[in-house]
Amino acid sequence: MSTPYDGPGGRRRARPPQRPAPAERPQRPAPAEPPQRPLAGDQPASRRPPLRRARHAAPEPGPRAGAARQGEPPEPPPERRPRPPARRGEPPRRRRSPNDGVPPDENPTEILDLGYDELLDEGVADDEYYEDDDDRALPEYFDDERDEPPEPKRTRKRGRRFLGWMAALTVIVLLAGGAYYGARELLGFGFEDYSGAGEKDVVLQVEDGDSTRAIANKLEQLDVVASAEAFVAASEDDQRVLSIQPGYYQVKTKISGADAVTNLVRPEARVGELQLRPGTQLDDITQPGGKVTPGVFSQLSQASCAELNGRSTCIPAEELRQTAATADLAKLGVPGWAVADAAKAEPKRRLEGIIQPGVYDVKPGWDATRLLTEVLSKSALRMQAAGLPDAAGSTEFSPYQVLVIASIIEREGVEADFGKVARVIYNRLDKGMRLEMDSTVNYVLDRPEIRTNAADRQRAGAYNTYRNTGLPPTPISAPSAEAIAAAERPAEGDWLYFVKCETNGLSCFSASYDEHRRNVEDAQRRGVF
């Protein structure tokens with residue numbers, strides 16, 4: 001076995017083996033496949049592939065430094081100096097070769113390339129050679145001197161970090177919003193607002209579809225509130241604002257947003273509201289007990305009334321009657337299909353039945369002409385929705401005559417009987433019979449009763465259907481949309497008579513006079529008629 005010796009730098013080196021003659025040197029078989037590159041620390045030293053021989057020159061003649069003398073035991077190898085740690089960022093240092101400074105061999109031994117050059121470059125294999133396993137140095141392990149380990153994927157961490165930032169930003173926004181609204185409530189900053197009882201009266205119009213913001217903007221334009229924001233802020237704590245209906249409201253200028261909300265939700269704040277019930281006539285009706293039921297003119301006069309800055313805006317009912325009797329009907333808003341027939345009627349009855357039942361909003365301060373124009377224009381739209389004038393084409397009557405029939409239906413029966421009452425009128429007119437309707441006789445008497453006495457039935461007049469054949473010249477009341485629909489499409493039947501026979505207003509219908517008399521006697525016996 002060769003004796004160890006000290007090479008340059010005091011590093012332990014093994015004696016190079018004796019090279020056999022070329023003829024006697026066995027040839028190594030070439031591996032079928034290059035071995036897989038081992039990683040440091042993956043396999044034990046005994047199972048690592050053999051290291052290739054290092055190329056070196058022939059040894060120099062003379063005694064070797066550190067050779068053992070005859071009879072003396074071999075000297076122990078010197079202690080290895082620890083390799084200084086590599087500086088961060090520097091490439092790993094290659095270990096110094098024992099052949100440094102030795103001239104190259106002119107007849108080098110044939111070396112089989114087993115693919116370990118790359119291992120040497122990466123610091124995995126060593127260039128030291130040992131003759132046998134007993135004299136091999138233990139493998140040296142070095143710290144990983146790479147610059148930085150590869151960074152792990154940060155997709156999940158970045159996603160969590162993004163969600164964290166979003167959550168934090170949401171909390172900040174909520175806190176900022178809450179602080180703003182809280183400070184606005186406590187300190188009142190952010191908008192202008194009035195204080196005090198107000199100054200003068202104005203009228204606000206709330207239109208269909210107006211939002212709280214739209215109402216606030218209108219109040220600001222009228223100088224009711226100093227800013228729209230003042231009203232909106234006060235509305236957030238009072239849900240009654242949502243119940244404000246379209247119409248006109250009387251309020252004062254220069255009041256706070258909270259006072260504006262309180263004033264608008266009061267029932268008495270709404271002005272100019274007109275509600276006409278079906279069957280209402282133009283003139284008042286005196287009840288049997290002396291109570292007066294207001295007609296269209298009286299109710300419209302009442303709707304026009306308001307006290308604005310100490311001045312009344314009421315338009316008297318008589319002024320309305322005079323305007324209706326003398327004004328141009330077309331300019332007043334009467335539908336074109338009704339103008340000619342309405343113009344033939346008595347002046348005070350020209351608008352009878354044309355003003356439809358329903359809710360109207362009129363502005364206090366309008367004159368008589370503007371008031372009538374408003375209700376007549378909306379009435380025309382309502383009659384159009386009920387089918388006039390087009391639906392009259394399916395009947396033998398004109399649109400105005402259909403309106404007259406509908407007004408009689410409205411006064412003679414309840415809604416459940418409208419279709420049958422319409423059929424009785426159609427059948428009687430087809431047969432040339434007089435209608436003999438008590439409602440037409442009482443119309444000119446301004447009485448609400450259905451029944452008439454013999455003296456009433458003998459009165460002369462165009463509205464006495466006991467004496468005249470055909471329809472009266474004008475409607476006798478404001479018919480509902482249901483009554484108009486019944487007049488356009490009456491029920492099928494051969495009835496010619498009817499009489500109220502139930503306490504709920506329903507009538508009994510018959511096709512013969514004898515049957516009709518029996519129904520009348522039964523109703524009288526039960527106290528219904």
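Atoms considered below: every heavy atom in the structure, side chains included; atoms not considered: hydrogens, waters and symmetry mates. Because the structure is a prediction, the values reported are computed rather than measured.
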- [ ] Could you tell me which non-hydrogen atom of L403 sits nearest to which non-hydrogen atom of P479, and how far apart they are?
- [x] CD1-CG, 3.7 Å
Task: Donor-acceptor contact below 3.5 Å, side chain D361 vs main chain E273 - done: no
Open item on the list: Can you confirm whether the side chains of R277 and Q299 place a donor and an acceptor under 3.5 Å from each other?
Closed with: no
Open item on the list: Between D417 (side chain only) and S507 (backbone N and O only), is there a donor and an acceptor less than 3.5 Å apart?
Closed with: yes
Open item on the list: Would you say S480 and E410 are linked by a side-chain donor-acceptor pair, where the criterion is simply a distance under 3.5 Å?
Closed with: yes
Task: Closest contact, heavy atoms only, T323 versus A368 - done: OG1-CB, 3.5 Å
TODO: Flag the pair R459 and D456 as a salt bridge only when some basic side-chain nitrogen lies within less than 4.0 angstrom of an acidic carboxylate oxygen.
DONE: yes
Open item on the list: More than 12 heavy atoms of other residues, nucleotides or ligands under 6.0 Å from NZ of K363: yes or no?
Closed with: no
TODO: Side-chain contact test, heavy atoms from C-beta onward, threshold under 4.5 Å: evaluate it for I425 versus P490 and give yes or no.
DONE: no
Task: Polar side-chain atom of Y400 near backbone of V339 as donor-acceptor pair, under 3.5 Å - done: no
Task: Presence of salt bridge, R525 and E521, under 4.0 angstrom - done: no
TODO: Please name the pair of heavy atoms, one in A228 and one in N217, separated by the smallest distance, quoted to 0.1 Å.
DONE: CB-OD1, 3.4 Å
TODO: Can you run down the disulfide bond (SG atoms under 2.5 Å apart) pairs that involve residues 420-501, sequence neighbours left out, and say none if there aren't any?
DONE: C501-C508
TODO: Give a yes-or-no answer on whether the side chains of E488 and S394 include a donor-acceptor pair shorter than 3.5 Å.
DONE: no
- [ ] Any chance you could lay out the side-chain contact (heavy atoms from CB on, under 4.5 Å) test for N504 and V414, step after step, and finish with the verdict?
- [x] CA-CA 9 Å; N504 58 5; V414 294; over 6 Å; no
Open item on the list: With side-chain hydrogen bond (donor to acceptor under 3.5 Å, both in side chains) as the test, pick out the partner of Y463 among N468, N442, T474.
Closed with: T474
Task: Check ion pair E352-R349 (N to O, under 4.0 angstrom) - done: no
Open item on the list: When you measure from the side chain of S301 to the backbone of I315, do you find a donor-acceptor pair of N or O atoms at a distance under 3.5 Å?
Closed with: yes
- [ ] Compare all side-chain heavy atoms of L435 with those of L471 and state whether any distance is below 4.5 angstrom.
- [x] yes
Task: Set of salt bridge (Lys or Arg N to Asp or Glu O under 4.0 Å) partners for K200, sequence neighbours left out - done: none
TODO: Flag the pair F397 / L429 as yes when at least one side-chain heavy-atom distance between them is below 4.5 Å, and no otherwise.
DONE: yes
TODO: Give a yes or no on whether a salt bridge exists between R321 and E318, defined as a side-chain N under 4.0 angstrom from a carboxylate O.
DONE: yes
- [ ] Go through the structure and list residues passing salt bridge (Lys or Arg N to Asp or Glu O under 4.0 Å) with E415, not counting sequence neighbours.
- [x] none
Open item on the list: Check whether R213 reaches the backbone of V232 with its side chain - one donor and one acceptor, N or O, closer than 3.5 Å.
Closed with: no
Open item on the list: Please give me the minimum heavy-atom distance between V241 and V265, naming the atom from each residue.
Closed with: N-CG1, 4.1 Å
Open item on the list: Minimum heavy-atom separation for D193 and A230, please, with both atom names.
Closed with: OD1-CB, 3.5 Å
Open item on the list: If only side-chain N and O atoms count, and only distance matters, is there a donor-acceptor pair under 3.5 Å linking Y194 with D223?
Closed with: yes
TODO: Tell me, please, which residues at least two apart from R526 pass salt bridge (Lys or Arg N to Asp or Glu O under 4.0 Å).
DONE: D522
Open item on the list: Looking at every non-hydrogen atom in both residues, tell me the closest pair between P357 and A478 and how far apart they are.
Closed with: CD-CB, 3.9 Å
TODO: Decide yes or no for Q356 and L276: does some side-chain heavy atom of the first lie under 4.5 Å from some side-chain heavy atom of the second?
DONE: no
Open item on the list: Does the plane of the ring in Y248 sit parallel, tilted or perpendicular to the ring in W366? Use 30° and 60° as the thresholds.
Closed with: perpendicular
TODO: Identify, with sequence neighbours excluded, every residue that meets salt bridge (Lys or Arg N to Asp or Glu O under 4.0 Å) alongside K218.
DONE: E207, D210
Task: Any donor-acceptor N/O pair, N427 side chain to W495 backbone, under 3.5 Å - done: yes
TODO: Please confirm whether the backbone N or O of L496 pairs with a side-chain atom of R428, one donor and one acceptor, at under 3.5 Å?
DONE: yes
- [ ] Check the side chains of T440 and T465 for a donor-acceptor pair under 3.5 angstrom, ignoring hydrogens and angles.
- [x] yes
TODO: Determine whether more than 12 heavy atoms belonging to other residues, nucleotides or ligands lie under 6.0 Å from atom CD of E307.
DONE: yes
Open item on the list: I'd like to know if the side chain of S256 reaches the main chain of S195, judged simply by a donor and an acceptor atom lying under 3.5 Å from each other, with no hydrogens or angles considered.
Closed with: no
- [ ] Applying salt bridge (charged side-chain N to carboxylate O under 4.0 Å, His left out), run through K348 and E346 and close with a yes or a no.
- [x] CA-CA 6 Å; K348 66 177 182 179; E346 296 179 66; 5.0 Å; no
Task: Interatomic distance, L329 atom CG to D341 atom CG [nearest 0.5 angstrom] - done: 11.0 Å
Task: Straight-line distance of N309 CG to K252 NZ, nearest 0.5 Å - done: 6.5 Å
TODO: Measure the spacing between OG1 of T469 and CD of E436 and express it to the nearest 0.5 Å.
DONE: 9.5 Å
Task: Distance (rounded to the nearest 0.5 Å) between I355 CD1 and S477 OG - done: 12.5 Å
TODO: Measure the spacing between CG of L332 and CG of D328 and express it to the nearest 0.5 Å.
DONE: 8.0 Å
Open item on the list: Surrounding CD of Q302 (heavy atoms of other residues, nucleotides or ligands, distance under 6.0 Å), is the total greater than 12?
Closed with: no
Open item on the list: Under the disulfide bond (SG atoms under 2.5 Å apart) definition, can you give me all pairs with a residue in residues 224-326, not counting sequence neighbours?
Closed with: C305-C314
- [ ] Check for a donor-acceptor pair, side chain of R467 on one end and backbone N or O of Q458 on the other, with a separation under 3.5 Å.
- [x] yes
Task: Short side-chain to backbone donor-acceptor contact, R411 and D438, under 3.5 Å - done: no
Task: Pairwise distance CZ(F498) to CG(L506) - rounded to 0.5 angstrom - done: 12.5 Å
